[in-house]
Amino acid sequence: MYISVQDQPFDLGTVSAEFASGHTNTGAIVTFTGLVRGGAEDRLEAMEIEHYPGMTEAALNAMAENAISRFSLGDALIIHRYGRLVPGEMIMMVATAARHRKDAFDAAEFLMDYLKSRAPFWKREISDSGASWVASKDEDEDALSRW
Amino acid sequence: MMDILYFAWVRERIGVPRERIETSAKTVSDLVAELCGREERYQLAFSDLSSLRVAVDQELSDFDASLAGAREVAFFPPMTGG
């Protein structure tokens, strides 16, 4: 299991290759990567991500442990960045390793749903029309009910 | 003594990221009432509790949760990770 909360970028290729190596009992690796999406109307200049040091790492650890036991994973990884990021930059990634693809996909979705509304991160968008905190969406909260 | 932490727009409304206070509040709600009694900026931040979340000792909690033995309480808006 690998958990990292960092301000620095990560190398998707290196992290994925390392995560996928050394398994002899795994048939499926799923990775998901989230990017800063430029705005459709307002021009997004940057996204600032704040977090709660200490609680963030604990929450991510607990989520990954849950996913491992619930989906019988061989391994799980979560990287989430904080600080100022510009459109196109990678914000976060999850990776899951399982014997079969369904568990690997489901576990990645499970981790994403929990990261959205249970990990103490807050996003603030800086655009040409000003700065505003990103509001949580009801559907993100509702998404948890399927687990 | 208890450390109180604020994040995102809660931090902006209160004006500090954290403070250490002396309190005898028994529950999170008691603590909120006590803070609101101090200054208007707290009333502004805590005006709608349904838009706030709270963590006690870094665990998500509820406003009616007990503060017995708690060292750190954090207030913040719903999280927007991922």
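In this text the structure is predicted, and so the values were computed from the model without any measurement. Chain identifiers are assigned alphabetically (A, B, ...) following the order of the sequence lines, protein sequences preceding nucleic acid strands; residue numbering begins at 1 within each chain.
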Exercise. Find the distance between CZ (B:R53) and OG (A:S117) and round it off to the nearest 0.5 Å.
Key: 9.0 Å
Quiz item: Could you state the interatomic distance from CZ (B:F7) to CH2 (A:W122), rounded to the nearest 0.5 Å?
Solution: 5.0 Å
Quiz prompt | chain A neighbours within residues 64-82 of chain B, where any heavy atom lies under 4.5 Å away | solution = B:E72, B:A74, B:F76, B:P77, B:P78, B:M79, B:T80, B:G81, B:G82
Quiz prompt | Those residues that, when tested against A:F121, pass ring pair (Phe, Tyr, Trp, His ring centres under 6.0 Å) (two or more places apart) | solution = A:H51, A:H80
Quiz prompt | Over 12 non-hydrogen atoms of neighbours within 6.0 angstrom of CZ in A:R101 | solution = no
Exercise. Select all residues of residues 30-51 of chain B having any heavy atom within less than 4.5 Å of some heavy atom of chain A, and report them by number, or 'none'.
Key: none
Quiz item: What pairs with B:Y6 under ring pair (Phe, Tyr, Trp, His ring centres under 6.0 Å), at least two apart in sequence or on another chain?
Solution: none
Practice problem: Measure A:A59 against the heavy atoms of chain B and call it side chain, backbone, both or neither at under 4.5 Å. | Solution: neither
Quiz item: If every non-hydrogen atom of B:R11 is compared with every non-hydrogen atom of A:E50, which pair is closest and at what distance?
Solution: NH2-OE1, 2.5 Å
Exercise. Kindly determine whether B:E12 and A:R124 satisfy side chain to side chain contact (heavy atoms under 4.5 Å, CB included), including the steps that lead there.
Key: CA-CA 12 Å; B:E12 291 178 337; A:R124 190 164 174 264; 3.6 Å; yes
Quiz item: Taking everything shown except A:F105 itself, do over 12 heavy atoms lie less than 6.0 Å from its CZ?
Solution: no
Quiz prompt | Part of A:A119 lying under 4.5 Å from any heavy atom of chain B | solution = backbone
